[in-house]
Amino acid sequence: MYLRARLFLLMLMLLGWFQSSRSGNDSWSDPAHSQSNQINPGLSGNESLTTASLSSGQYEIFLPLIFKDPGTGPRVCPPLVPQTLRSLAQLDHILIGSAVNIRALRSDDQYAQILGQEFSSLTDESTMKFAATEPALDQYNFSAPDAIVAFAESHDMQIRGHTLVWGYALPSWLINGTWTREELIAILQDHIKTVVGHYKGRVYAWDVVNEAFNSDGSLRTDSFWMQRIGPQYISVAFQAAHEADPDALLFVNDFYATPGFVAAIHTYRSLDVPIDGVGLQLHMYNLQQKPTELSADIGRLEAEGLQANITELDVPISRDTGTMEDKLVAQAKIYAMVMDACLQHYNCTNFTMWGFTDKYSWLYSYLGVTYPTEQPLIFTPDYMEKPAEAALKNTLLSAACPKQ
Ligand code: G3I
């Protein structure tokens with residue numbers, strides 16, 4: 001039986017080799033030489049990006065039948081049918097996700113349909129935060145996040161909890177209260193244990209602290225928690241989350257993975273603070289800023305034994321000149337570069353964007369603008385695939401089914 005299976009596999013591999021030797025990729029190099037930017041690592045210039053050429057209109061991706069190297073296990077590429085982001089990401093053993101806008105989820109059927117079809121991970125954009133879940137002391141409201149978690153579970157999706165401790169989205173009763181340091185430590189512990197405990201076994205990963213560090217690894221001093229509790233709030237938060245759900249992966253969610261930042265995380269872990277990974281937000285500022293250092297950043301986390309998650313990727317285009325076509329292709333290159341950097345490292349396990357359709361983006365309210373000014377995401381407002389979405393699919397395909 002085994003011999004026949006091996007012969008069948010060998011035959012299919014030969015078939016796959018023949019077909020794959022006919023497939024090809026266009027590639028182009030980045031003409032832009034860009035300046036770095038304080039939010040994300042800069043670009044050295046002369047980047048080259050290999051991806052299939054992008055045609056206009058519907059970006060259908062058809063997959064040849066190819067077998068991977070038996071050394072990595074006979075991973076089977078799917079037959080010639082259109083693939084979703086989710087099915088392609090599964091070939092590469094990563095989760096691909098989106099932040100969820102609760103109002104859109106409840107009111108826009110097409111939003112819900114695409115979300116459940118294309119993604120394998122969800123991050124609650126707003127309703128799991130402190131002010132939303134504990135609007136009054138010891139009074140909790142889980143109606144909105146429960147709807148998001150139920151949607152994810154009904155679509156066999158993983159859930160990233162976001163975020164337990166941040167200097168924003170805090171309720172007025174907390175900010176305006178006259179609390180001792182010990183009272184605030186107890187409030188923080190109770191909040192985390194209640195929220196994480198409510199979703200125990202259902203939320204696989206938590207952004208425990210958000211935007212707590214400077215790029216050199218020092219703690220930001222503009223955080224309510226840092227000002228009122230001091231540096232200990234980090235260990236208090238992670239230990240409370242771990243006690244509430246020992247099986248959940250616990251992340252620091254921030255902008256960096258510089259040597260200084262990673263050294264700081266190393267120190268916490270050496271003191272038994274249960275940090276499993278780092279979320280890299282990657283809100284891009286403009287098209288001139290590209291993630292050339294991202295692969296090195298993820299590799300730095302890998303060397304430290306930390307998981308890396310891309311947690312909030314979006315790529316606005318309004319600050320750039322050029323034709324819309326040129327800007328959308330430049331945007332696609334950036335999305336593909338981030339995916340490519342993630343796929344280069346086994347510790348990069350989740351690739352999440354801060355939304356998926358230009359119909360809804362935090363940038364509109366944040367900047368006081370409306371579509372079509374920003375267009376930061378991968379689907380148009382009427383849910384057509386943009387070049388960025390096709391570039392992600394091609395990058396996933398190239399990693400899963402490289403030419404033999
Ligand atoms: O739900 C209320 C609604 O009832 C009310 O009518 C409306 C009035 O303004 O406010 C609504 O709440 C808003 C919430 O988003 C839901 O839309 C809050 O005011 C608004 O501040 C909140 O903004 C979110 C922001 O975080 C603060 O929580 C954005 O949507 C969200 O995209 C943004 O996400 C952050 C990440 O958590 C951390 N990284 C940066 C990222 C962008 O700022």
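On a predicted model such as this, the values are computed, not experimentally measured, just so you know. Because only heavy atoms are used, hydrogens play no part in the values below, and waters and symmetry mates are left out as well, while side chains stay in. Residues take their numbers from the sequence shown, with the count starting at 1.
- In this structure, the side chain of Q375 engages the main chain of P372 through a donor-acceptor pair within 3.5 Å.
- The two residues L105 and A112 have their closest heavy-atom pair at CD1-CB, 4.0 Å.
- Of the N and O atoms on the side chains of Q110 and D382, not one donor lies less than 3.5 Å from an acceptor on the other residue.
- For Y360 and D108, the side-chain atoms include at least one donor-acceptor pair closer than 3.5 Å.
- Interatomic distance, CE of M339 versus CG of L392, reported as 5.0 Å (0.5 Å rounding).
- Evaluated for a side-chain contact (heavy atoms from CB on, under 4.5 Å) with Q189, the options I185, I192, I187 yield exactly one hit, I185.
- With no hydrogens or angles considered, no side-chain donor-acceptor pair links D109 and Q113 at under 3.5 Å.
- Minimum heavy-atom separation, H162 to E125: CD2-O, 4.2 Å.
- Not one N or O on the side chain of K200 forms a donor-acceptor pair closer than 3.5 Å with the backbone of V195.
- Listed for the Y111 side chain is a donor-acceptor partner under 3.5 Å among the backbone atoms of N101.
- Other residues, nucleotides and ligands contribute over 12 non-hydrogen atoms within 6.0 Å of the OH atom of Y140.
- T84 and S87 are linked by a side-chain donor-acceptor pair at a separation below 3.5 angstrom, with hydrogens and angles left out of the test.
- The heavy-atom pair separating F213 from Y256 by the smallest distance is O-CE1, 3.1 Å.
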- [ ] Test side-chain hydrogen bond (donor to acceptor under 3.5 Å, both in side chains) on E374 and S318 and set out the steps.
- [x] CA-CA 5 Å; E374 282 304 339; S318 65; 2.5 Å; yes
TODO: Please test W354 against D314 for side-chain contact (heavy atoms from CB on, under 4.5 Å), starting from the C-alpha separation and ending with a verdict.
DONE: CA-CA 6 Å; W354 211 237; D314 51 17; 3.9 Å; yes
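- A salt bridge does not link D124 with K129: every distance from a Lys NZ or Arg NE/NH1/NH2 to an Asp or Glu carboxylate oxygen is 4.0 Å or more.
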Open item on the list: Between F238 and H242, is the ring-ring contact (aromatic ring centres under 6.0 Å, His included) condition met? List the steps.
Closed with: CA-CA 6 Å; F238 276 91; H242 184 67; 10.0 Å; no
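- Here the NZ atom belonging to K193 is positioned 10.5 Å from the CG atom belonging to L188, to the nearest 0.5 angstrom.
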TODO: Would you sort out whether E312 and M353 count as a side-chain contact (heavy atoms from CB on, under 4.5 Å), showing the intermediate values?
DONE: CA-CA 5 Å; E312 305 185 17; M353 295 159 277; over 6 Å; no
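- Once rounded to the nearest 0.5 Å, the distance linking SG of C348 with CG of D92 reads 11.0 Å.
- In this structure, the side chain of Q289 engages the main chain of Y285 through a donor-acceptor pair within 3.5 Å.
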Task: Steps toward side-chain contact (heavy atoms from CB on, under 4.5 Å) verdict (R228, L174) - done: CA-CA 11 Å; R228 305 291 293 276; L174 175 68; over 6 Å; no
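- E134 contributes a side-chain N or O that, together with a main-chain N or O of D138, makes up a donor-acceptor pair within less than 3.5 Å.
- Using modelled atom types and a 3.5 Å distance limit, the side chains of Y199 and D146 yield a donor-acceptor pair.
- S121 and N350 share a side-chain donor-acceptor pair at under 3.5 Å.
- The two residues T221 and Q227 come nearest to each other via the heavy atoms O-NE2, 2.9 Å.
- Looking at E211 and W166, their side chains do bring a donor and an acceptor atom within 3.5 Å of each other.
- How far NZ of K393 is from CD1 of I96: 10.0 Å, rounded to the nearest 0.5 Å.
- Taken to the nearest 0.5 Å, the CD1 atom of I234 stands 12.5 Å off from the CG atom of L271.
- Note: H191 and F130 have parallel aromatic rings, judged against thresholds of 30 and 60 degrees for the angle between ring planes.
- Look at E304 and R300 and you find no salt bridge, because none of the NZ, NE, NH1 or NH2 atoms lies under 4.0 Å from a carboxylate O.
- Exactly one of Q307, Q158, H93 qualifies for a side chain to side chain donor-acceptor pair (under 3.5 Å) with T349. That residue is Q307.
- No side-chain N or O of N309 forms a donor-acceptor pair with one of T311 less than 3.5 Å apart.
- For the residue pair A341 and S295, the shortest heavy atom distance occurs at CB-N, 3.8 Å.
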Task: Full working for side-chain hydrogen bond (donor to acceptor under 3.5 Å, both in side chains) between D320 and Q288 - done: CA-CA 8 Å; D320 296 87; Q288 305 315 311; 2.7 Å; yes
Open item on the list: Walk me through whether E118 and F379 qualify under side-chain contact (heavy atoms from CB on, under 4.5 Å).
Closed with: CA-CA 11 Å; E118 294 290 333; F379 283 88; 4.1 Å; yes
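- Between the CZ atom of R220 and the CH2 atom of W225 there is a distance of 16.0 Å, given to the nearest 0.5 Å.
- Remark: the N210 side chain and the N253 side chain contain an N/O donor-acceptor pair separated by less than 3.5 Å.
- Under 3.5 Å, the side chains of S235 and Q239 contain no donor-acceptor pair of N or O atoms.
- In this structure a side-chain-to-backbone donor-acceptor pair under 3.5 Å is missing from S361 to D358.
- Surrounding CD of E325 are at most 12 heavy atoms belonging to other residues, nucleotides or ligands under 6.0 Å away.
- Checking S172 against N176 by side-chain atom types alone, no donor-acceptor pair falls below 3.5 Å.
- In this structure, A388 and Q331 approach most closely via the heavy-atom pair CB-OE1, 4.3 Å.
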